[in-house]
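So that we are looking at the same thing, I have put the structure below in structure tokens.
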Amino acid sequence: MSQSVILHLKDGEPVLGEVDELPEPTHETITLNNPRRVDGKDLHYLAVGVVQVIWPIGVINFIEIMPSEEADQIIGFVRE
């Protein structure tokens with residue numbers, strides 16, 4: 001199952017996409033599927049039709065992990 005993430009690149013705009021697995025501390029790269037801007041538009045520096053990009057971890061400030069659709073269905077504590 002893929003996980004939606006936002007990569008915050010050094011000296012660049014955030015990139016939204018999906019990863020098959022989250023990187024481990026020992027990984028040196030991250031492979032992002034369907035890379036796009038957070039607003040859904042294409043990234044101007046990628047060729048048309050690119051569906052997968054491999055970024056070195058060294059160019060990433062941090063990674064946001066977006067909640068999955070399953071997590072949205074979980075009902076938490078409700079106070080009446």
Side-chain angles (χ1 to χ4, degrees):
M1 182 174 89
S2 64
Q3 179 78 38
S4 294
V5 297
I6 299 176
L7 301 181
H8 291 268
L9 305 174
K10 295 178 183 175
D11 299 325
E13 62 186 70
V15 178
L16 176 64
E18 291 76 40
V19 293
D20 294 327
E21 61 181 42
L22 295 172
E24 297 292 326
T26 57
H27 287 169
E28 295 181 5
T29 62
I30 184 168
T31 303
L32 193 67
N33 301 314
N34 304 316
R36 57 199 179 277
R37 289 177 27 181
V38 177
D39 61 7
K41 295 181 181 177
D42 291 337
L43 296 167
H44 69 278
Y45 50 85
L46 295 180
V48 176
V50 170
V51 295
Q52 199 172 53
V53 178
I54 300 171
W55 265 290
I57 295 293
V59 301
I60 300 171
N61 282 330
F62 62 95
I63 301 171
E64 286 185 78
I65 302 168
M66 305 304 292
S68 65
E69 294 175 7
E70 296 170 357
D72 291 341
Q73 296 176 1
I74 297 174
I75 299 173
F77 176 75
V78 178
R79 186 176 186 156
E80 293 186 22

Contacts of type side chain to side chain donor-acceptor pair (under 3.5 Å), residue Glu21, not counting sequence neighbours: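 Residues passing side chain to side chain donor-acceptor pair (under 3.5 Å) with Glu21: none at all.
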Fellow cluster residues of Val50, listed by chain then number, with links counted only when side-chain atoms sit under 4.5 Å apart: Val5, Leu7, Leu9, Val15, Val19, Leu22, Ile30, Leu32, Leu43, Tyr45, Leu46, Val53, Trp55, Ile57, Val59, Ile60, Ile63, Ile65
Residues Lys10 and Gly58: closest non-hydrogen pair is NZ-O, 2.9 Å
Phe62: which other cluster members, linking ILVMFWY side chains closer than 4.5 Å, directly or transitively? none
Excluding sequence neighbours, so at least two apart, what forms salt bridge (charged side-chain N to carboxylate O under 4.0 Å, His left out) with Asp20? none
Heavy atoms only: give me the nearest Arg36-Asn34 pair and the separation to one decimal. NH1-O, 2.6 Å
Side chain of Gln3, backbone of Met66: donor and acceptor closer than 3.5 Å? yes
Any salt bridge (charged side-chain N to carboxylate O under 4.0 Å, His left out) pairs touching residues 40-64, not counting sequence neighbours? none
Which residues pass the side chain to side chain donor-acceptor pair (under 3.5 Å) test with Asp39, not counting sequence neighbours?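 Scan of Asp39 (side chain to side chain donor-acceptor pair (under 3.5 Å), adjacent residues dropped) gives Arg37.
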Which value, rounded to the nearest 0.5 Å, describes the distance between Leu16 atom CG and Ile6 atom CD1?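 So the gap between those two atoms works out to 5.5 Å.
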